[in-house]
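Below: the structure, in structure tokens.
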Amino acid sequence: MRIAVTYENGQIYQHFGHTEQFKVYDTEDGKIVASKVVSTNGQGHGALAGVLNAIQTDVLICGGIGGGAQNALASAGIRLYGGVTGDADAAVEALLAGTLAYNPDMHCNHHGNGHHDGSCGGHGAGCL
């Protein structure tokens, strides 16, 4: 299974549509066997689902994500674990152990507000 995480400085980046990197983990038998950081090459929002699909991602762990991106991921067959914060490596380990805390109803629908004031769910929840 290939797992991608929105990534910045070891942490889960909280704005899917603005992430500049994914950390990608290859797993077998419930263990991480390889990982690498992949640039999004400046792609944003809707194009990011295509980036994930091109690198054959099965699962995405992220902070916040908007409905359009959620739909694009679902269409690509990528399982989503949104509303996650903290260390990227620890989140993947938790997912593999079946203990990842995530929000299956994560939504962000206030585009254009900039999100620089911490208004995006207290910034812990993140946003597209």
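All residue numbers in this chain count up from 1 along the given sequence. These values consider heavy atoms only, across backbone and side chains, with no hydrogens, waters or symmetry-generated copies.
Taking the six-membered ring where the residue is Trp, Tyr81 and Tyr102 present perpendicular rings, their angle passing 60° and hence far from 30°.
Rounded to the nearest 0.5 Å, atoms CD (Gln21) and OH (Tyr13) are 10.5 Å apart. In this structure, CD in Glu93 is found 9.0 Å from NZ in Lys31, a value given to the nearest 0.5 Å. Rounded to the nearest 0.5 Å, atoms CD1 (Ile3) and OG (Ser35) are 11.0 Å apart. One distance of note links CD1 of Ile61 with CG of Leu80; it measures 10.0 Å at 0.5 Å rounding. Asn53 CG to Leu48 CG: the interatomic distance, rounded to the nearest 0.5 Å, is 12.5 Å. For the atom pair Cys62 SG and Phe22 CZ, the distance stands at 8.5 Å (nearest 0.5 Å).
Remark: Asp89 engages Lys23, Tyr25, Asp87 in a side-chain contact (heavy atoms from CB on, under 4.5 Å) (not counting sequence neighbours). For Gln56, there are no side-chain contact (heavy atoms from CB on, under 4.5 Å) partners at least two apart in sequence or on another chain. For Asn71, the side-chain contact (heavy atoms from CB on, under 4.5 Å) test picks out no residue, with sequence neighbours left out.
Closest approach of Gln14 and Val84 over heavy atoms only: NE2-O, 3.0 Å. Closest approach of Thr57 to Ile78, counting heavy atoms only: O-CG1, 3.4 Å. Summarising the geometry of Ile55 relative to Arg2, their closest heavy-atom pair is O-NH1, 2.6 Å, with the distance given to 0.1 Å. Between Ala91 and Ile12, the shortest heavy-atom contact is CB-CD1, 3.7 Å. Nearest approach of Ala49 to Phe16, heavy atoms of both residues: N-CZ, 4.3 Å.
Between Asp26 and Ile32 there is no side-chain heavy-atom pair separated by less than 4.5 Å. Looking at Ile65 and Leu73, their side chains come closer than 4.5 Å, going by heavy atoms from C-beta outward.
Hydrophobic clustering (ILVMFWY, side-chain heavy atoms < 4.5 Å, transitive): Val5 and Met1 are in one cluster.
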Candidate pair Thr19 and Glu8, rule side chain to side chain contact (heavy atoms under 4.5 Å, CB included), full reasoning: CA-CA 8 Å; Thr19 193; Glu8 184 178 62; over 6 Å; no

